[in-house]
Amino acid sequence: QVQLVESGGGSVQAGGSLRLSCASSGGPYARYCMAWFRQAPGKVREGVAAIYRLGDLNATYYADSAKGRFTISQDGATNTLYLQMDSLKPEDSATYYCARAPGYLHDRMLSASDYTEWGQGTQVTVSS
């Protein structure tokens with residue numbers, strides 16, 4: 001069974017940057033969608049960014065709130081998923097989760113219900 005472990009969260013002032021990491025203890029990222037979701041207290045879990053890479057297909061998706069500020073990437077050699085977050089805003093404060101889904105989800109890459117494996121989350125707090 002794959003275990004996903006997030007790290008890199010913390011507290012930062014608005015305008016700052018953080019890089020989240022998600023290490024996978026088993027199984028390669030090939031043929032899986034990998035994504036970052038976040039959930040703030042009292043709010044539903046929302047997709048932030050997703051990536052799928054296989055052969056010539058290299059697909060990334062971003063929520064509108066993340067476009068231009070966040071970058072998702074993965075290192076196949078180390079089975080590590082990253083989320084580089086720049087120009088952070090207080091509304092980005094949330095627990096961030098790494099997730100994995102089998103296959104290519106097409107237009108559902110930010111759909112939480114399609115992801116079958118989840119990490120425990122890492123907290124991000126952005127102060128104004």
Euclidean distance, Glu6 CD relative to Ser21 OG, rounded to 0.5 Å: 10.0 Å
Can you sort out the partners of Ser127 under side chain to side chain contact (heavy atoms under 4.5 Å, CB included), two or more places apart, ordered by chain and number? Gln13
For Asp114, give me all partners under salt bridge (Lys or Arg N to Asp or Glu O under 4.0 Å), at least two apart in sequence or on another chain. Arg108
The reported gap from CD1 in Ile51 to CG in Asn58 (rounded to nearest 0.5 angstrom) is 5.5 Å
Polar contact flag, side-chain donor to acceptor under 3.5 angstrom, Thr95-Gln39: no
4.5 Å side-chain heavy-atom contact, Gln3 and Ser24: no
SB check Lys67 Asp64 (cutoff 4.0 Å): yes
Test of understanding: clusters of I, L, V, M, F, W, Y form through side-chain heavy atoms closer than 4.5 Å, transitively. Do Leu110 and Val44 belong to the same one? no
With sequence neighbours excluded, what pairs up with Ser87 under the side-chain hydrogen bond (donor to acceptor under 3.5 Å, both in side chains) test? none
What's the spacing between Cys33 SG and Tyr61 OH if we round to 0.5 Å? 8.5 Å
Would you say Gln84's side chain and Thr71's backbone share a donor-acceptor pair under 3.5 angstrom? no
So, taking the atom named CG in Leu83 and the one named CZ in Phe37, what distance separates them when rounded to the nearest 0.5 Å? 12.0 Å
Residue set satisfying side-chain hydrogen bond (donor to acceptor under 3.5 Å, both in side chains) with Lys43, at least two apart, ordered chain then number -> none
First locate atom CH2 of Trp36, then atom CG of Leu81, and finally report the distance between them rounded to the nearest 0.5 Å. 5.5 Å
Do Leu20 and Val124 come within less than 4.5 Å of each other through their side chains, counting heavy atoms only? yes
Applying side-chain hydrogen bond (donor to acceptor under 3.5 Å, both in side chains), can you list everything that pairs with Thr122, at least two apart in sequence or on another chain? none
How many angstroms lie between CD in Gln123 and OG in Ser11, if you round to the nearest 0.5 Å? 8.0 Å
Donor-acceptor check, side chain of Gln120 to backbone of Val5, threshold 3.5 angstrom: yes or no? no
Residue list, salt bridge (Lys or Arg N to Asp or Glu O under 4.0 Å) with Arg19, at least two apart or on another chain: none
Residue pair Ala14 / Ser128: nearest heavy atoms and the distance that separates them: CB-CA, 4.3 Å
Please give me the minimum heavy-atom distance between Ser17 and Asp86, naming the atom from each residue. OG-OD1, 2.7 Å
Does the side chain to side chain contact (heavy atoms under 4.5 Å, CB included) test come out yes or no for Tyr104 and Arg53, once each step is laid out? CA-CA 9 Å; Tyr104 179 43; Arg53 295 173 62 183; over 6 Å; no
What pairs of residues pass the salt bridge (Lys or Arg N to Asp or Glu O under 4.0 Å) test when at least one of them lies in residues 117-128, not counting sequence neighbours? Arg100-Glu117
Under 3.5 Å, side chain of Gln74 to main-chain N/O of Thr80, donor-acceptor pair present? no
Excluding sequence neighbours, so at least two apart, what forms side-chain hydrogen bond (donor to acceptor under 3.5 Å, both in side chains) with Tyr115? none
Any pair with a residue in residues 69-94 that passes ring pair (Phe, Tyr, Trp, His ring centres under 6.0 Å), sequence neighbours left out, goes on the list, sorted by first then second residue, please. none
Residue set satisfying ring pair (Phe, Tyr, Trp, His ring centres under 6.0 Å) with Tyr97, at least two apart, ordered chain then number -> none
I'd like to check Arg69 versus Lys89 (side-chain heavy atoms, cut-off strictly below 4.5 Å). Are they in contact? yes
Partners passing salt bridge (Lys or Arg N to Asp or Glu O under 4.0 Å) against Asp107 (at least two apart in sequence or in another chain): none
Please enumerate all residues that pass salt bridge (Lys or Arg N to Asp or Glu O under 4.0 Å) together with Glu46, with sequence neighbours excluded. Arg38
So do Ile72 and Tyr62 actually touch side chain to side chain, heavy atoms under 4.5 Å? yes
